[in-house]
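So the structure is just underneath, and the comments pick up after that.
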Amino acid sequence: MSIRPQALSQLRPYRRVGHITRITDLGVESMGPAVALGEVCELRAASGEHIEAEVVAIHDERLTLMPYGPCKGLVVGAEVVALEVQPSVRASDALLGQVVDAFARPLGDQPSSQAGRDMPLHPAPINPLSRAPITEPLETGIRAIDALLPLGRGQRMGIFAGSGVGKSSLLGMLARNLTADIAVIALIGERGREVQDFIAKRLTAEARARTVVVVATAEQPAVVRARAAHTATSIAEYFREQGQHVLLLMDSITRFAMARREIDLAAGQPPTARGYTPSVLTAIPALCERCGSISGSGSITALYTVLVEGDDFNEPVSDALRATLDGHLMLSRDLANEGHFPAIDVLHSVSRLDADLLPAAARDSAQRLRSLLAVHRRQHEMVDMGLYKAGSNAQLDLALANWERITAFLRQGHAEHSSASQTQAALVQALAAGATA
């Protein structure tokens, strides 16, 4: 009997094998095999089923592994076989228009494509000297952002808010309005119902055709939820290498951090602030720094939603992200309760690139509006109680004269799109009383 050459090339001269010594709800421990951190192994269940697991900790010859699926059928003594592969994802143009899982496998009826190439989930850091400057503004169609908190191609921006304040709605507006060659949307730790709602209600048919949606729902293992964030970023990197402008939307990076916390605690790392482990605060910048513009290549503009625990904007994950990203949009529960949407708190929000993205005249108008917002916030209680006497504060008088126009400028319907010219005209109108005073 002859053996085909391709079959010979697939034979392995030996296998690295270990054995399970302990099984818990979060993962398994094994004695061997000799593997590197982050490598993928195969757990051989008694039923004959093979379960892939990722190495999350190594203590001498003992390994801690977190399976990508349920531990059903695993017993102490079962084989742990090294697959000799580092985590990667197969990316190709065939992913466009599809909803895929954390392994880039389609969740719909379409079959998986073997085309494309493998992209590492944990690539080498980008050389900072190869990054291109961010000078091209992106029109979001949202007046409060375009006029006061501009977004540029290749920028990384965070949307910070507590639960129920409108993060997903704002993300949907941005997904519809932002112009990009490709969009990659990562839904991390979401309820299963919300996945279909987001796709059906937030994306147009035209947008879906150029979008890849990566999904890891709340009930999936922590290692799968964390992997989904890297999978979405790796897919975005694939299209960036082709010279495309990619829009990466991740909802939410906080649930990525929570998944990393589960993994690190299972690996034996000590909890620190709010129970987060030290590795979480290094994993966040490592993920975010993969985005941006590359000289001679494409760009990834990234928007991350940040679920603020207890409306505390200084909790560890929020604090780490504000220090990492190129700007942040703070959503206010008080504004949301007043029916003010999008509930962007302009005075607590920042775009670190506004000086590079706004012309001098537009920056001057934006600063004037911010000044009026600030003086109104400081003095509004006195005005509401009737203790303020008109003429005592010229700046406050201007704010009160313009207030209805300012609030109308900052509010916007979910389906409303404001072009750049319309936004600037509306900003001038919002400051009309000040211009004639």
Side-chain angles (χ1 to χ4, degrees), residues 126 128 131-162 165-175 177-180 183 186 233 236 245-254 256-257 284-293 299-308 313-332 335 342-360 362-363 365-367 369-370 373-374 410 412 418 420 423 427:
I126 298 172
R131 292 186 181 274
I134 300 172
T135 57
E136 182 179 347
L138 286 177
E139 184 181 313
T140 68
I142 301 170
R143 289 187 293 270
I145 297 177
D146 290 342
L148 307 173
L149 304 158
L151 180 67
R153 176 170 291 195
Q155 188 172 352
R156 302 159 306 158
M157 183 81 82
I159 302 173
F160 293 67
V165 184
K167 295 186 307 302
S168 296
S169 296
L170 179 57
L171 199 69
M173 292 176 70
L174 292 165
N177 295 341
L178 277 172
T179 301
T233 308
H245 170 223
V246 185
L247 175 64
L248 173 63
L249 306 177
M250 190 172 295
D251 187 15
S252 72
I253 196 168
T254 304
F256 163 76
I284 288 173
L287 180 69
C288 297
E289 282 293 310
R290 294 168 61 181
C291 301
S293 298
S299 62
I300 300 175
T301 303
L303 293 165
Y304 303 96
T305 65
V306 184
L307 182 61
V308 179
F313 288 93
N314 294 316
E315 54 93 20
V317 172
S318 299
D319 204 38
L321 280 160
R322 277 202 307 274
T324 300
L325 301 177
D326 303 316
H328 49 268
L329 304 176
M330 297 293 192
L331 303 191
S332 164
L335 290 176
I344 300 172
D345 186 340
V346 172
L347 294 180
H348 287 106
S349 301
V350 171
S351 173
R352 301 186 193 278
L353 299 171
D354 57 353
D356 299 317
L357 300 173
L358 288 178
R363 283 204 312 276
S365 295
Q367 185 54 47
L369 190 143
R370 280 180 172 272
L373 287 172
L410 295 176
Q412 194 165 333
S418 181
T423 294
L427 179 58

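Note that this is a predicted model, so its numbers are computed, not measured.
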Apply side-chain contact (heavy atoms from CB on, under 4.5 Å) to L369 and L373, showing your working. CA-CA 6 Å; L369 190 143; L373 287 172; 3.4 Å; yes

Exercise: identify the closest heavy-atom pair between [X] and [Y]:
X: Y304; Y: C291; value: OH-SG, 3.3 Å
X: I344; Y: L335; value: O-CD1, 3.5 Å
X: P150; Y: M157; value: O-CE, 4.1 Å
X: E289; Y: R156; value: OE2-NH1, 2.8 Å
X: P342; Y: I142; value: CG-CG2, 4.1 Å
X: I126; Y: R290; value: CD1-O, 3.6 Å

With the side chain counted from C-beta on, respond yes when [X] and [Y] share a heavy-atom pair under 4.5 Å apart, and no when they do not.
X: L358; Y: L148; value: no
X: S168; Y: T305; value: no
X: L303; Y: L178; value: yes

Step-by-step side-chain contact (heavy atoms from CB on, under 4.5 Å) determination, I253 to V306: CA-CA 6 Å; I253 196 168; V306 184; 4.0 Å; yes

Calculate, to the nearest 0.5 Å, the distance between atoms [atom1] and [atom2] belonging to [X] and [Y] respectively.
X: T324; Y: D319; atom1: OG1; atom2: CG; answer: 9.5 Å
X: H328; Y: S349; atom1: NE2; atom2: OG; answer: 6.0 Å
X: I159; Y: M330; atom1: CD1; atom2: CE; answer: 12.0 Å
X: L174; Y: I145; atom1: CG; atom2: CD1; answer: 5.0 Å
X: I134; Y: L357; atom1: CD1; atom2: CG; answer: 8.0 Å
X: S351; Y: D146; atom1: OG; atom2: CG; answer: 10.5 Å

Do we see a donor-acceptor contact under 3.5 Å between the side chains of T140 and N177? no

Between the side chain of [X] and the main-chain N/O of [Y], is any donor-acceptor distance below 3.5 Å?
X: Q412; Y: A144; answer: no
X: T254; Y: L307; answer: yes
X: T423; Y: R143; answer: no
X: E315; Y: V317; answer: yes

Step by step, would you call E139 with T179 a side-chain contact (heavy atoms from CB on, under 4.5 Å)? CA-CA 8 Å; E139 184 181 313; T179 301; over 6 Å; no

Working for side-chain contact (heavy atoms from CB on, under 4.5 Å), residues F160 and R322: CA-CA 9 Å; F160 293 67; R322 277 202 307 274; 3.8 Å; yes

Among Q155, H245, E136, side chain to side chain donor-acceptor pair (under 3.5 Å) partner for T301: H245

